[in-house]
There are 2 protein chains.
Amino acid sequence: MSDKKVEKCGERCALQEILDVIGGKWSMSIIYALFSGKKRFSELERLIPGINTRMLVKELKNMEANGIITREVFATVPPTVEYTLTTKGEKLEASINELYKWGMEYVA
Amino acid sequence: MSDKKVEKCGERCALQEILDVIGGKWSMSIIYALFSGKKRFSELERLIPGINTRMLVKELKNMEANGIITREVFATVPPTVEYTLTTKGEKLEASINELYKWGMEYVA
DNA sequence: CGGAATCCTAAGCGATACTG
DNA sequence: CAGTATCGCTTAGGATTCCG
C-alpha cells in the first residue's frame with residue numbers, strides 16, 4: 001500500500017514527520033541511546049529496560065526508513081548488526097535534550 | 001480508572017511525560033497555536049485544519065490535566081472559553097520550535 | 001458556543017515462540 | 001545474535017449527533 005513516506009506537503013507536514021520519528025513509545029529512548037555512539041541490537045535491548053524484541057525491531061526499521069539511523073550488518077558468526085545515527089538523526093540531539101530537560105524539570 | 005497521572009519515577013518518566021504532552025496527533029499543533037496567545041475553542045478549531053471537535057476537546061483536557069494550559073470560562077451568552085499556556089507550557093516553546101525547524105529542514 | 005455521548009475502525013503495543 | 005511470525009488486547013483517532 002502506497003509509499004508510507006510523506007510527500008512534500010510543506011509546513012503542516014513537518015509535525016507529521018516529527019511525530020513519526022519521536023512519537024513512538026520507544027523512539028526517543030532509542031535515539032537517546034544512540035547519541036553516545038553506535039550500538040548493537042542486543043546492546044539496545046539491554047540499554048532500554050522494558051522494550052521487547054518486536055518493538056525494537058519495528059522502531060529501528062521505521063527510523064531507518066526515515067533516514068535517521070543506519071544499519072550495518074557484519075557477516076560474522078554469530079551475526080553482528082550495528083545501528084548508528086545519521087546526520088539527520090544527530091541533529092535531533094539538541095531538541096531532544098531540551099525536551100528531556102523540560103520533562104525532568106516538571107516531573108512532580 | 002486510576003489517576004492517569006504518572007507518579008514520581010525519576011529519569012525514565014520524563015520521556016513518558018513528554019510523550020503524553022506532545023505525542024498526540026494534534027498536541028503540537030495546539031500548543032503551537034497557543035504560543036501566539038490565548039485562544040477560544042472555536043478559534044483553535046479554525047486554526048487547526050482537519051481536527052474535529054472530539055479530538056480538540058480531548059487534547060485540551062489532557063493538556064489541562066498535565067498543567068500546560070489553563071481553561072477560563074466566561075458566563076456569557078453564548079458561552080466563551082479561553083485557553084492559555086501556563087508557564088510550564090510556555091517553556092516548551094524552545095524545544096518545539098527546534099523540532100519544527102528540524103522537521104522543516106528534512107521534509108524532502 | 002463549547003462541548004458530551006456514542007459508535008466504530010485502525011493502529012500501537014506486549015508476550016512469546018521460533019529461525020538462520 | 002538478530003531478528004520473524006502470531007496472536008490478542010488496548011488505545012488513539014475519526015464521524016456524527018445531541019445538549020445547556
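Quick note on labels: first sequence line is chain A, next is B, and so on, each numbered from 1. What you see is a predicted model; the values in this text were computed from it and never measured. Note: hydrogens, waters and symmetry copies are ignored here, and every other heavy atom, side chains too, is used.
D/dT16 atom C1' lies 16 Å from atom CG of B/Leu56, rounded to whole Å. Rounded to an integer number of Å, the gap from A/Phe41 CZ to D/dT4 C1' is 11 Å. To the nearest angstrom, P of D/dT11 lies 16 Å from CG of B/Leu19. Nucleotide C/dC1 holds its P atom 17 Å from the NZ atom of B/Lys39, rounded to whole Å. Between B/Asn62 atom CG and D/dT11 atom P the separation is 14 Å, expressed in whole Å. The interatomic distance linking A/Leu44 (CG) with D/dA2 (P) rounds to 9 Å, in whole Å. The CD1-P distance, from A/Ile69 to D/dA2, rounds to 13 Å in whole Å. Atom CD in B/Glu45 sits roughly 9 Å away from atom P in C/dC1 (whole-Å rounding).
Checking D/dC1, C/dG14, C/dA4 against every side-chain atom of A/Lys25, the shortest atom distance belongs to C/dG14. Ranking D/dC1, C/dG2, C/dA15 by closeness to the A/Asn52 side chain, first place goes to C/dA15. Considering only side-chain atoms of B/Glu59, the nucleotide from D/dA2, C/dG3, D/dG13 that sits closest is D/dG13. For A/Met55, whose side chain is taken as the heavy atoms from C-beta onward, the closest listed nucleotide among C/dC13, C/dA4, C/dG2 is C/dC13.
Taking OG1 of B/Thr70 as the reference point, atom CD of B/Glu82 lies at 11.5 Å (rounded to 0.5 Å).
Note on B/Val57: only backbone sugar-phosphate atoms sit closer than 4.0 angstrom, heavy atoms only; bases stay farther off. Residue B/Thr80 is in sugar-phosphate contact alone, with no base atom involved, counting any heavy-atom pair closer than 4.0 Å across all strands shown.
Side chain B/Arg54 to base D/dG13: a donor-acceptor pair is found below 3.5 Å.
For the residue pair B/Met55 and B/Trp26, the shortest heavy atom distance occurs at CB-CD1, 4.0 Å.
In this model, the phosphate group of D/dC1 is not approached by any side-chain N or O of A/Tyr83 to a distance below 4.0 Å at OP1 or OP2. One finds a side-chain N or O of A/Lys61 lying less than 4.0 angstrom from the OP1 or OP2 phosphate oxygen of D/dT4. An OP1 or OP2 oxygen of D/dT4 is reached within less than 4.0 angstrom by no side-chain nitrogen or oxygen of A/Lys58. Proximity of A/Ser42 to the phosphate of D/dA2: a side-chain N or O atom is located under 4.0 Å from OP1 or OP2. Residue B/Trp26 has no polar side-chain atom (N or O) positioned under 4.0 Å from OP1 or OP2 of D/dA12.
Note on A/Glu59 versus A/Arg54: no salt bridge recorded, every NZ/NE/NH1/NH2 to OD/OE distance being 4.0 Å or above. A salt bridge links A/Lys38 with A/Glu72: the closest approach of a Lys/Arg side-chain nitrogen to an acidic carboxylate oxygen falls below 4.0 angstrom. Taking the charged nitrogens against the carboxylate oxygens, B/Lys91 and A/Glu98 have no contact shorter than 4.0 Å, which rules out a salt bridge.
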